[in-house]
Amino acid sequence: MSVLTSLPEWKKLSELAATVKNAHMRDWFAQDANRADKMQLEACGIFLDYSKNRVNDDALKGLFDLARACKLETLRDAMFAGEQINSTEGRAVLHTALRNFSDRKVLVDGEDVMPEVHATLAKIEAFTASVHSGEHKGYTGKPIKHIVAIGIGGSFLGPKIMTEALKPHTVEAVKVHFVANVDGCHIHDVLSSVDFEETLVVMSSKSFSTQETLQNTLTAKDWFLKSGGTQEDIAKHFVAVSSNVKAATEFGISADNIFPMWDWVGGRYSLWSAIGLPISLALGFENFKGLLEGAFDMDTHFTTAPLEENMPVLLALLGVWYRNFFDAQSHVLLPYYHYLRGLPAYVQQLDMESNGKEVTQEGENVDYPTGPIIWGSEGTNGQHSFHQLIHQGSGVIPADFMLPLNVPNQDDTHHAMLASNCFGQTQALMQGKTFEECYADLDGKGLDDAERKRLAAHKTMPGNKPSNTFLFDSLTPKTLGALVAMYEHKVFVQGVIWNLNSFDQWGVELGKVLGNQVLAGIQGEADKDNFDASTQQLIAKFRAANAPK
Ligand SMILES: O=P(O)(O)OC[C@H]1O[C@H](O)[C@H](O)[C@@H](O)[C@@H]1O
């Protein structure tokens, strides 16, 4: 038995869950007129209604007791203080230092990292201004109009999705194009749509060793040289963001054009670092800074609010409740705002790469479920497809609904319809529709009783499906920063409860190594006996199809 499942707090929660499973939220709402009033929180411009969750006062108390038993506050403070909590890589975890607007020093190996953080922000600000003003010109003297941002994983999702979410704040001076996949279709499409004399390539790779990013950058460099640029002109058209300055310089990026980051920033937590340069170029530095300020506000809330009023803590504990005591396999994110449609993909990397682990900090196998599958897409589209399974599928899928109260180019009818669908879905999930109601609806339809009962059973919606609803005034850079930091801290809290190292990603690393080995096989540079029979067969098929004719 693991330390976690032997805790008395865990056992208590198992008992409470058995009772709560027999209760229906419909009845709780009927019995307590103040339920919605009591079960809401507000922080950093985000309003959360969590009353449509399968928790009562006892369950909530039990969950907060569990958090305390797992020493949540101590571990949280250790992260902010720069302790090496990423124990398998011997690293501090300090994305919070990147948005530290207080006077607090942040020490790594005894040295304050804040001066370097500020210097890098100043470099981003100055570079953004020089590109937007036209002062930074291409080698033929033309101003930069296109940014091709190359990166993958955390060096791509954050910049792309934040830029997309804040589209109404886009500057006119430049257009940013993102490229991640090594599939050549993407980079070729992008490069064929821009003029090389007016294009700046921003290559983002923390490690400077990721196959996809290196290859896409080589292709862009080749395109630039073939179009008429020379090696000396590259300095005006290629910049890099990396913690591996040596590799970036060897690749041919001049030292002045390298924006630093550090090994204490995890890839999936890096949008706040210079990895966010494309955001600054797309939206202006003030808006990038707004994101950081919103995240800082959420950091302050997370570190100072009592656990019971702490939004990331509450969300994490509700997630643990469903994952561990209701066998919920997944968690769905449903932004009712077109520009925020990428958020599920962002949180998917954040959560699944962080807590997709089955070994505890001590290296023991867990005896409890850990990170859920994260998925979702924009509302209302999902209502006409996968919501069916959330309403009537056999499992529990907790949902996060989110809606800005005001949107740009406000069209009252559209926005009222959007809101009504969002709220209507949470209501339907919670209350469902009983067999009796469905049976009554079928009265007078000329059905015999057996057929009426059969149909009523199909139409019955069990309800009692949990959801959170987040509302914010409008999606400003600050609100978005707070929202993203809220999910970061939720993931952290769950990692603490499950006793995981949320900051490594060995599974992903293995994929990178094997990908390179198979590439050697495909290129005829590796002994086929290095591969299993299935992989040998696949390589042989690929080689045969691509053999010189
Ligand atoms: O920034 P890079 O070093 O190129 O890494 C890009 C991505 O690589 C891996 O897939 C990691 O798991 C991600 O967390 C990381 O963001």
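Remember, it's 1-based here, ligands and their atoms both numbered in the order they're listed. For the numbers below, each heavy atom of this structure counts, side chains included, while hydrogens, waters and symmetry mates do not.
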Between the side chain of [X] and the main-chain N/O of [Y], is any donor-acceptor distance below 3.5 Å?
X      : Y      : result
Ser207 : Ser209 : yes
Ser242 : Ser205 : yes
Tyr368 : Trp498 : yes
Lys357 : Asp504 : yes
Lys206 : Ile275 : no

Can you tell me which residue and heavy atom of the protein come closest to [atom], and the distance to 0.1 Å?
atom                    : result
atom 10 (O) of ligand 1 : Val508 CG1, 3.1 Å
atom 3 (O) of ligand 1  : Ser207 OG, 2.6 Å
atom 5 (O) of ligand 1  : Thr210 OG1, 3.5 Å
atom 16 (O) of ligand 1 : Gly154 N, 2.7 Å

So if I count the atoms of ligand 1 from 1 in the order they appear, which ones are less than 4.0 Å from some heavy atom of [X]?
X      : answer
Ser155 : 1 (O), 2 (P), 16 (O)
Ile152 : 6 (C), 7 (C), 16 (O)
Gln505 : 12 (O)

For residues Phe127 and Phe259, establish whether the separation of their ring centroids is below 6.0 Å. yes
Evaluate the ring planes of His489 and Phe302, with Trp represented by its six-membered ring, and classify them as parallel (under 30°), tilted (30 to 60°) or perpendicular (over 60°). parallel
Parallel, tilted or perpendicular: rings of Phe196 and Phe224 (30°, 60°):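 Because their plane-to-plane angle is over 60°, the rings of Phe224 and Phe196 count as perpendicular.
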Is the shortest distance from a heavy atom of Lys512 to ligand 1 less than 4.0 Å? yes
Would you check whether Gln349 reaches within less than 4.0 Å of ligand 1, judged by its heavy atoms?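 Checking ligand 1 against Gln349, which is what was asked, there is a heavy-atom contact under 4.0 Å.
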Is there at least one pair of N or O atoms, one from Glu353 and one from ligand 1, spaced under 3.5 Å apart? yes
Kindly confirm or rule out an N or O of Ser205 lying under 3.5 angstrom from an N or O of ligand 1. yes
